[in-house]
Every structure is written in structure tokens, then in C-alpha cells.
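Predicted, not measured: the structure shown is a model, and the values here were computed from it.
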Amino acid sequence: RFQEIKSTIKTLLLFMCDMHSGSPVALFPDKQMQLKSCNHSPTELQRIIHRQFVEVCDTVRASRNGARVVVINLGDAIEGLHHGTKQVISPYLTDQKKIHVELMNDLGNRIGGWDKLFYIDGTPAHAGEEEFDIAKDLGAEMCGESSTWPELRAMVDGSNKLLWTAHHGTAAGNELGRGNALRNRLRNIYFETLAENKPQPDLVVYADRHEHRHEVFEGRPGLEIHGFLAPAWKVKDGYTYKVASLSDPNVGALVITVDNNAVDHKFLTLEVEQDRTVTI
């Protein structure tokens with residue numbers, strides 16, 4: 001597939017996905033913020049989510065050991081004003097942007113900085129044009145003249161690993177079929193690239209579905225495609241109660257480590273007991 005490269009560079013890929021900054025049930029800084037429309041302090045639920053954020057940052061910092069860190073913000077950076085929702089901290093997108101930039105700057109400080117930062121386009125109804133400004137303000141890698149990428153296809157520097165990543169892709173599947181949808185997407189990628197005589201990716205990462213999953217498709221001998229659904233930083237809102245009312249959300253990040261062409265991954269997630277069991 002490629003000229004074999006013996007990696008001498010350890011790389012940590014940190015996927016921060018579906019942060020939905022501006023939602024009252026998403027990650028928020030652990031402090032009071034004066035916004036244009038209101039003065040907001042984190043709720044009890046947001047404090048729980050923030051503790052997981054701190055744990056993710058501490059884990060990444062402790063795992064560096066001289067490694068490069070590439071942060072990939074995989075879409076839906078802010079909540080936006082979608083479908084007439086009123087479930088937002090502030091209706092001003094500049095406020096939502098302010099929240100997000102505060103969180104990302106805090107992330108950088110806590111993990112000891114990043115070597116590269118990428119922003120991938122999310123759902124237009126959520127992200128809006130503010131996502132372009134966010135990526136530019138934070139110094140994200142440019143995609144031509146744009147500060148965000150519609151999708152990212154990249155070789156991990158110093159390795160032989162090809163990464164494909166996009167916000168929209170597939171779901172994990174439900175119950176007895178869990179994992180089938182993701183594996184089928186990997187199978188399609190394998191046979192499409194094979195038919196077109198193109199390199200197959202080693203790593204495929206999607207977001208959007210607010211769930212986390214890892215599946216592997218084995219092609220010809222010696223070839224594996226690892227597929228991931230990356231978790232979100234938002235728990236159930238009004239819409240989620242409509243489509244997945246009795247589920248327990250997980251929040252957190254995905255970390256993929258590439259070292260000497262070996263690949264390891266960790267889902268750094270916390271299951272949030274958003275709904276309490278009561279006696280009736």
C-alpha cells in the first residue's frame with residue numbers, strides 16, 4: 001500500500017467531538033461567565049461533565065512522554081439555533097463561540113499544548129458560520145482558504161497509518177445488531193478503495209451520533225481497518241428524550257495512539273446518570 005515507514009514519532013490523536021457549546025446540557029467552563037445575554041454559572045450536570053473533561057486532560061498530559069499531540073475537533077462545536085430550539089444558554093452565537101473558545105484554550109493549557117489542531121465541519125444547523133471563526137481564532141490548520149475541513153484524509157506523520165475522519169458517517173446499530181452498521185461501512189470502504197485501486201485507510205473515525213464504538217474489518221491478509229464512533233460532550237436534551245429517552249448518555253473523548261506503527265485506543269468516557277430512579 002505504502003512504502004513502509006518505521007515510526008520514530010509517537011503521536012496522540014485526541015478527538016474532541018460534538019461539544020455543542022452553548023447547550024445547557026453540554027460541557028461548560030467551571031466558572032461563571034458573563035455573556036451578552038446572561039450571566040451563566042455551570043449547573044450540577046455541567047460540573048459532572050467538566051470533571052470528566054479534567055480527567056481526559058490529565059490522562060492525555062500524563063500519556064505524552066514527548067509525543068506529538070494532534071487535536072481533532074470533529075464537528076458541532078457549538079449548539080447553534082437549530083429547529084427553533086429554546087434549549088440554549090444564550091441565543092447569541094457569539095456567546096456560544098465565547099464558551100467554546102474558553103474550553104479549547106483551557107484544554108490546551110491542561111494537556112500542555114497541541115502540535116496541530118483541526119476543525120471538521122459539523123451539522124450546518126448547529127455550527128453555522130461561527131465554526132469558521134472559532135477554528136481561525138484558535139489557529140487551526142487551514143484547508144486551502146477555509147479554516148475548517150469537510151473531511152480529513154491524512155497520514156499520521158512518521159508512521160504508515162492513514163486516517164480518514166468526518167463528522168457524519170454511520171451509527172453503531174441497536175441491540176443484537178450493535179456494531180453491524182459501523183462494520184458494514186468499513187466493508188464498503190474496503191471494497192470501494194480496492195475496486196478503484198486506492199489505498200485503504202487504517203483508521204476511520206466518525207462523530208455525530210453521540211455514542212462510542214470500535215469495530216474492525218479484516219480485508220486481505222495483514223490488512224485491518226479500525227472504525228470508531230467518537231463520544232460527545234453533551235448529554236440528553238429535549239430532542240434526545242424524543243429519540244432515545246431511556247438511554248444513559250456517555251460523555252468524553254477518544255484518544256488514538258500511533259507508536260512504531262502500532263495503534264492503541266482509549267475511550268475516556270463517563271456514563272452520566274442524568275435521570276434518577278425514585279420511589280413512587
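Two residues are said to be in side-chain contact when any heavy atoms from C-beta on lie closer than 4.5 Å; Thr257 and Lys10 meet this criterion.
Between the OG atom in Ser63 and the CG atom in Asp264 there is a gap of 9.5 Å [rounded to 0.5 Å]. Separating the CG atom in Leu246 from the OH atom in Tyr241 is a distance of 10.0 Å, to the nearest 0.5 Å. Distance check, rounded to the nearest 0.5 Å: CG of Leu93 to NE2 of His100 gives 13.5 Å. Here the straight-line distance linking atom OG1 of Thr59 with atom CZ of Arg64 works out to 13.5 Å at 0.5 Å rounding. The distance from atom CG of Asn109 to atom SG of Cys57, rounded to the nearest 0.5 Å, is 9.5 Å. Rounding to the nearest 0.5 Å places CD1 of Ile120 at 12.5 Å from NE2 of His168.
Each of Gln46, Lys31, Gln34, Gln32 was compared with His40 under the side-chain hydrogen bond (donor to acceptor under 3.5 Å, both in side chains) criterion, and only Gln46 meets it. Val263 pairs in a side chain to side chain contact (heavy atoms under 4.5 Å, CB included) with only one of the listed residues (Asp202, Leu203, Leu13), which is Leu203.
Across every non-hydrogen atom of Pro91 and Ser37, the tightest pair is CD-OG, 3.8 Å.
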### Task
Applying salt bridge (Lys or Arg N to Asp or Glu O under 4.0 Å), run through Asp137 and Lys97 and close with a yes or a no.
CA-CA 10 Å; Asp137 290 350; Lys97 170 188 171 183; 2.9 Å; yes

### Task
I would like to know whether His167 and Asp18 meet side-chain contact (heavy atoms from CB on, under 4.5 Å); could you show each step before the answer?
CA-CA 9 Å; His167 180 70; Asp18 293 283; 3.1 Å; yes

### Message
Before you tell me yes or no, could you show the steps for Ile78 and Glu131 under side-chain contact (heavy atoms from CB on, under 4.5 Å), namely the whole-Å CA-CA distance, both residues' side-chain angles and the distance that decides it to 0.1 Å?
### Response
CA-CA 7 Å; Ile78 63 173; Glu131 203 164 53; over 6 Å; no

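In this structure, a donor-acceptor pair under 3.5 Å is present between the side chains of Asn180 and Arg183.
The backbone N or O of Val205 lies less than 3.5 Å from a partner atom in the side chain of Thr165, making a donor-acceptor pair. Between the side chain of Gln52 and the main chain of Leu268, a donor-acceptor pair closer than 3.5 Å is present. The main-chain N or O of Lys236 is found under 3.5 Å from a side-chain atom of Gln274 such that the two form a donor-acceptor pair. Of the possible polar contacts, none joining the His50 side chain to the Pro29 backbone as a donor-acceptor pair under 3.5 Å is found. For the pair Asn250 (side chain) and Thr269 (backbone), a donor-acceptor distance under 3.5 Å is absent.
If you look at Phe228 and His265, their ring centroids are closer than 6.0 Å. Annotation: Phe118 is in aromatic contact with Trp149 [ring centroid separation under 6.0 Å]. When ring centroids are compared, His226 and His214 come within the 6.0 Å threshold.
Hydrophobic cluster membership is shared by Leu162 and Leu194, with clusters built from Ile, Leu, Val, Met, Phe, Trp and Tyr side chains linked at under 4.5 angstrom. Residues Val204 and Val216 fall into different hydrophobic clusters, defined by Ile, Leu, Val, Met, Phe, Trp and Tyr side chains chained together at heavy-atom separations under 4.5 Å. Phe191 and Leu223 fall within a single hydrophobic cluster, where Ile, Leu, Val, Met, Phe, Trp and Tyr are joined by side-chain heavy atoms under 4.5 Å apart, directly or via other members.
For the ring pair (Phe, Tyr, Trp, His ring centres under 6.0 Å) test, no residue two or more places apart in sequence or in another chain qualifies with Tyr206.
The environment of Arg213 atom CZ is dense: over 12 non-hydrogen atoms of other residues, nucleotides or ligands sit within 6.0 angstrom. Heavy atoms of other residues, nucleotides or ligands lying less than 6.0 angstrom from OH of Tyr92 number 12 at most. By the 6.0 Å contact criterion, CD on Glu271 is enclosed, its count of non-hydrogen atoms from other residues, nucleotides or ligands being greater than 12.
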